[in-house]
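Written out below as structure tokens is the structure these notes cover.
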Number of protein chains: 2
Amino acid sequence: MTERGAERKPWRNPWLKPPVVRWGGGRKGVTMALRHAVLAALLDGEFSGYQLAKGFDIGVANFWHALPQQLYAELARLEGEGLLSGREIVQEGRPNKRVFQVTEAGFAELERFAAASAKPSFIRDDLLVKVQAVDDVPAAPVIAQLRERAAVAEAKTEVLGKLLRRLRGDLDEEEFLRTGRRIGPYLTCRRGLAFERETREWCLWAVESLAGRESVRREGE
Amino acid sequence: MTERGAERKPWRNPWLKPPVVRWGGGRKGVTMALRHAVLAALLDGEFSGYQLAKGFDIGVANFWHALPQQLYAELARLEGEGLLSGREIVQEGRPNKRVFQVTEAGFAELERFAAASAKPSFIRDDLLVKVQAVDDVPAAPVIAQLRERAAVAEAKTEVLGKLLRRLRGDLDEEEFLRTGRRIGPYLTCRRGLAFERETREWCLWAVESLAGRESVRREGE
DNA sequence: TCTCCATAGTCAAGAATATGACTACTCAGA
DNA sequence: TCTGAGTAGTCATATTCTTGACTATGGAGA
């Protein structure tokens, strides 16, 4: 008890001073990344909340997902902070809409964000949890879900493939990457494609591995 | 206004009845998947919260991430619900600990979860957002982060590679998958490995693509 | 004419995750 | 003997994400 006073020693927190590996170690960062995803999405032009909500799946985000409610809320907040400016588009035969574009302040924020260090990503997937536990639960439903996931992944690869072809126009990939004016979306799209392919292949491989055992096990019963 | 009364028409919600693609379409599910990740992690044996917090990165979860605080809270809840049972381990020279194992009810819950349909996963990664915006912000810091991420991914591939070798012992993969008693962790680990490899390759490819342009652009300045 | 689908949103509440502190003990090394 | 790092945990608050409703209009098709 020689420690008199002993007031607030933040460095005592073992979780903040990651000891061994702690893959990636997040140096804090401002969290809130949906806002940046939205800003990035609006680099492609003016969009309304509704349009983003529809397009968020395919375009900006093989790497960010958000429900419409979140998008609307985020758009409102960003506008309030002056990072976006919105304007009303009057339409005939359908409701008017508000479209948004990135302001100077918005660009500055994106720049700040891009320069800040990133925390690492992880997969976080229900299905993987199920596979992890597959030896202790009935395998059949897990196999069914793996098959389904493989099919979904295949559908996505097709969509992404088309998107990539559209983005690069009539150039081949190498030339596009050298000379295109906007390659960011192409690069991310490529990541999405690789991910979906991997997912599909892994799912099918896992199905094979499990299905074989199932029949073996059944004989033993 | 022929709709008299018109009370509560839930089917009117366009977000619940996904219109076009809406990749995967989540059929609800009970959310709360951390609990199942914890249950799955404890299939490998008894662990304390601390052990899980350390090991969560490498073992169970290339596919689920949680802070220690969350783990402790979840463990307590699961024990309260009877899905886990904990017991105190008295230790010398260090604090005692409480380790947990899955109860019958826990197995039942896992089984229920495994049979329920999974919602699709998405990547959700800060770095991808930055790459998406890379044409409109300085590329240098983004490139630096891509390099760093590639290095992290490489480190992970090595750890996972070792883990895989340990899991399959002296069998080769095919034989292990046919005859091993517990292949779930092996399968998920394999997924993690593929993911990290892909990540690394993509990062390096993106760096190349961007670095080349940078020098081109600099000449133009 | 009634239903359903698509456009274009909003609101409220709750669950899940993340952040930032703290306690307490032990051992190794400067 | 003091510092720092590892083991083992807890508490409180904040932020973010998800769920479930609702409103309103126009057009296509049974």
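Just so it is clear, the model here is predicted, and its values are computed rather than measured. We use all heavy atoms of the structure for the numbers below, so side chains are in, but hydrogens, waters and symmetry mates are not.
Put simply, CD on Glu79(A) is 12 Å from P on dG9(C), counting in whole angstrom units. Per the geometry, OH belonging to Tyr72(B) stands 16 Å off C1' belonging to dA21(C), to the nearest Å. With rounding to whole Å, Phe47(B) atom CZ is found 16 Å from dA8(D) atom C1'. With rounding to whole Å, His65(A) atom NE2 is found 6 Å from dT18(D) atom P. Separating the CG atom of Leu75(A) from the P atom of dA8(C) is a distance of 14 Å, rounded to the nearest angstrom. Between Leu34(A) atom CG and dT17(C) atom C1' the separation is 15 Å, expressed in whole Å. Here the C1' atom of nucleotide dT10(C) and the CZ atom of Arg77(A) are 14 Å apart, to the nearest Å.
The side chain of Tyr50(A) contributes no N or O atom lying less than 4.0 Å from OP1 or OP2 of dG9(C). Side-chain N/O atoms of Ser48(B) include one lying less than 4.0 angstrom from OP1 or OP2 on dG9(D). The phosphate of dA8(C) (OP1 or OP2) has no side-chain N or O of Lys54(A) nearer than 4.0 angstrom.
Of the candidate nucleotides dT18(D), dT10(C), dG6(D), dT18(D) has the atom nearest to the side chain of Arg124(B). You'll find that the side chain of Trp64(B) is closest to dT17(C), out of dT17(C), dG9(D), dA8(C). In this structure, of dC17(D), dG9(D), dT19(C), it is dT19(C) that holds the atom nearest to the side chain of Leu67(B). For Lys97(A), the side-chain atoms get nearest to dA8(C) when compared with the rest of dT17(C), dA8(D), dA8(C).
Proximity of residues 88-96 of chain B to DNA chain D (heavy atom under 4.0 angstrom from any strand atom) is restricted to Gln91(B), Arg94(B), Pro95(B), Asn96(B).
Scanning atom types as modelled, one donor and one acceptor separated by under 3.5 angstrom connect the side chain of Gln69(A) and the base of dG20(D).
Where Gln70(A) and Gln51(B) each meet DNA chain D at their nearest nucleotide, the meeting point lying more 5' is that of Gln51(B). Heavy-atom nearest nucleotides on DNA chain D were determined for Glu74(A) and for Val99(B), and the one closer to the 5' end corresponds to Val99(B).
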Using the side-chain contact (heavy atoms from CB on, under 4.5 Å) rule, take Leu146(A) and Trp202(A) through it: C-alpha gap first, then chi angles, then the decisive distance, then the call. CA-CA 9 Å; Leu146(A) 283 165; Trp202(A) 176 80; 3.6 Å; yes

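The salt bridge (Lys or Arg N to Asp or Glu O under 4.0 Å) analysis of residues 80-89 of chain A, with sequence neighbours excluded, yields the pairs Arg35(A)-Glu81(A), Glu46(A)-Arg87(A).
For Glu158(B), there are no side-chain hydrogen bond (donor to acceptor under 3.5 Å, both in side chains) partners two or more places apart in sequence or in a different chain. Taking Gln51(A) as the reference, Ser48(A) meet the side-chain hydrogen bond (donor to acceptor under 3.5 Å, both in side chains) condition, with sequence neighbours excluded. In this structure Glu198(A) satisfies the side-chain contact (heavy atoms from CB on, under 4.5 Å) test together with Arg191(B), Ala194(B), Glu198(B), sequence neighbours excluded. Residues passing the side-chain hydrogen bond (donor to acceptor under 3.5 Å, both in side chains) test with Glu79(B), sequence neighbours excluded: Arg98(B).
Ring pair Trp205(B)/Tyr186(A) is tilted by interplanar angle, where 30° to 60° counts as tilted.
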